[in-house]
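Predicted, not measured: the structure shown is a model, and the values here were computed from it.
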Amino acid sequence: QAREGEATFLIPTGATVKVIFANGDGDKIHAWELTTSAPPYPVAPMMTVNVAASNAFLAPIPAAASNGHQWSTESTTFAAPSPGTYYYICQVPGHAEEGMWGKLIVQ
């Protein structure tokens, strides 16, 4: 779970990006999306933000307890978008609004 300002990733233009998302929360679903929309985020960002690149999203990743394991994992692979600053968010209602987002800078 990224918290506001905690995690910024730098990647080169043209890179292939693989995101492996592991949800260790026992009772909450989470999701992941790369967007050009900067914070602050509304309670339901999935209704207002656009995905920054084809396949740059994962939704939803079930709570770990729902599958009887310690973690629930999903992955996606996408091509880095054009140079710029992007934001990855949890698009579950209220999560990005509460600070579950970070930056991805393509240079």
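Within the 4.5 Å cutoff, the side chain of Pro93 has heavy atoms near those of the Met46 side chain. In this structure, Asp25 and His30 have side chains that are in contact, with non-hydrogen atoms separated by less than 4.5 Å. Contact check for Trp101 versus Tyr88: no side-chain heavy atoms found under the 4.5 Å cut-off.
Summarising the geometry, atom CG belonging to Leu10 is positioned 5.0 Å from atom CD1 belonging to Ile105; distances are rounded to the nearest 0.5 Å. The CD atom of Glu33 lies 11.5 Å from the OG1 atom of Thr76; values are rounded to the nearest 0.5 Å. Rounded to the nearest 0.5 Å, atoms CG (Leu34) and CG (Asn55) are 12.0 Å apart.
Shown here for Ala52 and Tyr86, the closest heavy-atom pair between the two residues is CB-CD2, 3.6 Å. Pairing each heavy atom of Ala63 with each of Gly26, the nearest pair is CB-O, 3.6 Å. The shortest non-hydrogen separation linking Ala31 to Pro60 is CB-CA, 4.4 Å. Between His95 and Cys90, the shortest heavy-atom distance links the atoms ND1-SG, 3.3 Å. Nearest heavy atom pair, residue Phe78 against residue Ser54, reads CB-O, 3.2 Å.
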Residues 11-22, side-chain donor-acceptor partners within the protein, below 3.5 Å, at least two apart:
| unit_1 | atom_1 | unit_2 | atom_2 | d |
| --- | --- | --- | --- | --- |
| Thr13 | OG1 | Gln107 | O | 3.4 |

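Gln91 places a side-chain N or O within 3.5 Å of a backbone atom of Trp32 that can act as its donor or acceptor partner. Of the possible polar contacts, one joining the Asn23 side chain to the Pro62 backbone as a donor-acceptor pair under 3.5 Å is found. Remark: the backbone N or O of Ile61 is not paired with any side-chain donor or acceptor of Ser72 at under 3.5 angstrom.
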task = Kindly indicate, with the supporting measurements, whether the criterion side-chain contact (heavy atoms from CB on, under 4.5 Å) is fulfilled by Met100 and Ile89.
result = CA-CA 6 Å; Met100 254 186 238; Ile89 65 170; over 6 Å; no

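Cluster partners of Val51, using a side-chain heavy-atom cutoff of under 4.5 Å among ILVMFWY residues and allowing indirect links, are Phe57.
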